[in-house]
Number of protein chains: 2
Amino acid sequence: MYSFINKMNFYSCLTPEEKTAIQDCVDSKHRFARGQRLTGADEKPDKISIVTDGWACRFKTAHDGTDQIISLILPGDQCEDLSSVHYRPGYSVRALSDIRLTRLDRQKFLSRLTPDSGLANGLAWSSVVDTSMMGEWLLNVTRRPAAMRLAHLLCELFTRYAIIGRTDDSSMYFPLTQVALSEALGLSPVHLNRSLQLLRHKQMVSLYRKTLTILDWRQLAGFADFDNRYLHISGKLPVSLRLAS
Amino acid sequence: MYSFINKMNFYSCLTPEEKTAIQDCVDSKHRFARGQRLTGADEKPDKISIVTDGWACRFKTAHDGTDQIISLILPGDQCEDLSSVHYRPGYSVRALSDIRLTRLDRQKFLSRLTPDSGLANGLAWSSVVDTSMMGEWLLNVTRRPAAMRLAHLLCELFTRYAIIGRTDDSSMYFPLTQVALSEALGLSPVHLNRSLQLLRHKQMVSLYRKTLTILDWRQLAGFADFDNRYLHISGKLPVSLRLAS
DNA sequence: TAAAATAAATAACCCAGATTAATAGAGGTC
DNA sequence: GACCTCTATTAATCTGGGTTATTTATTTTA
């Protein structure tokens, strides 16, 4: 649960009481294996699910049966928009690695949300960032050529992972298969592989056995035209990542 | 202002007091000519801008200077996410036709937003729908081939226009140039034109002099794989549009 | 109403990325 | 450790959609 509390605390500023209040909302803990579906597009979630370890994604299935990943869920992220908690979300959620998940009691949780609590503020921020990331995702997928698109996603993920304090120097855990990456980027797996080879040959990244290493952040971010402002993290970033673009 | 009140009333249910309260928040009215920029990506809007007549769009500019339209703003829609009102939005807003715009005083408006007012509820819905539309937009742009993509957008727009009561039988005002359409769909103008010709030859639509006519809704919606559930309009739709796919 | 500017339509050619197929690693599993 | 499955890699070929260019409406402006 710390991952979630930390995230809220990052965007806002929680009082100690609020932190324990979140703990009090914990309903249950679960594990899911990679590939398992957590929620369907038609279900209305009655709990709030938070991934505490591992990666998941929201995705939509197209007319031809292929999936488009519309956002990636890292530790501390909710599986569904909080705002959409009453409605069918229109997307499904799937585990991209083995994951641990904590469910919060929706009723209890919402009752904590007095309008100007730090928690409400943190959630509002988090929702702003979600929307903003989705806009950038759209730009990425429609306007950038394949290798640049991949580079941009890697920059985003490394930055997000750094924010939650899980990067190790210039490396990070990276459980996405190339197929998952291709579903996220709207590319064929074959072409995704070609693009990855390109980034490798240019000595920008290394990706091997679920470990991503950024070999040259400046070059990668420049190549990707990565501008982290859309993540709304302003000053709270390690110095090494500030050289963006 | 009725357009906005109607929209809120569609998603929620406003008391007469709430309706006049919205009126009281009106700060100023403006007109903009087609092509004018209303807001930049870096400005924090201190008013809430609502388009009362005409069309606008949110767009982001890519590395190569081309624009990607990320959502279309029809009469009654806000120019910016309400939730992002404190932050740089990350996109710009541009008029796609001559438009009229009403600005609300942000302070006054937000003070009306007691948590369980009909207005707060309407805004929450509206934000859910915005996010949902964006997800579908992403799917549309990454997974559907050009003609289908265009057909899907036309279905969405016709449905949204029907909801706000501005369609005339099977026709509607449609001010988008082919260039604007191509920016929305992530296609080149040339290929957009080819795709439009296809829909015309198949007798699905006619588009001439800013008037779009749906010649065969069933065929168009089927061809586009259009499923209006993502618009969250459930029962409130004219019978003629319910045959969706 | 003529001239200028903008939008639409079409043709010819090109290319980024898709598709198909075949091979080679890696991880699991019994 | 032999077998099976999933993942990654690479090559060969194809195609949807891009690019460039030209012509023909429409609109707008003067």
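Convention: sequence-line order gives letters A, B, ...; per-chain numbering from 1.
Contact annotation: the side chain of Glu80(A) approaches that of Thr39(A) to within less than 4.5 Å [non-hydrogen atoms, C-beta and beyond]. Looking only at side-chain heavy atoms (C-beta outward), Leu139(A) and Ile70(B) stay at 4.5 Å or farther from each other.
Distances shown here put a side-chain N or O of Asn193(A) below 4.0 Å from the OP1 or OP2 atom of dT9(D).
We find that CD of Gln178(B) is positioned 16 Å from P of dG17(D), with the value rounded to whole Å. Taking atom CG on Leu199(B) and atom C1' on dA9(C), their separation rounds to 15 Å, with Å as the unit. For the pair Leu198(A) CG and dT9(D) C1', the computed distance is 15 Å after rounding to whole Å. Rounded to an integer number of Å, the gap from Lys210(B) NZ to dT27(D) P is 8 Å. Counting to the nearest Å, the C1' atom of dT10(D) and the CD atom of Gln197(A) are 9 Å from each other. As rounded to whole Å, 13 Å separates atom P of dA8(C) from atom CG of Leu150(B). Between Leu196(B) atom CG and dA7(C) atom P the separation is 16 Å, expressed in whole Å. Between Arg34(A) atom CZ and dG28(C) atom C1' the separation is 12 Å, expressed in whole Å.
Take Ser97(B) and apply the side-chain contact (heavy atoms from CB on, under 4.5 Å) test, not counting sequence neighbours, and it matches Trp55(B), Ile99(B), Tyr173(B), Pro175(B).
A donor-acceptor pair under 3.5 Å links the side-chain atoms of Thr177(B) to the main chain of Ala180(B), judged by distance alone.
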Point to revise | Footprint string (nucleotides 13-27 of chain C, 5' to 3'): B base within contact, S backbone only, - free, heavy atoms under 4.0 Å | key: ----BBBB-----SS

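Note on ring orientation: taking the six-membered ring where Trp is involved, the planes of Phe226(A) and His152(A) are perpendicular (angle over 60°, cut-offs 30° and 60°).
Donor-acceptor pairing under 3.5 Å is lacking for the side chains of Gln78(A) and Ser49(A).
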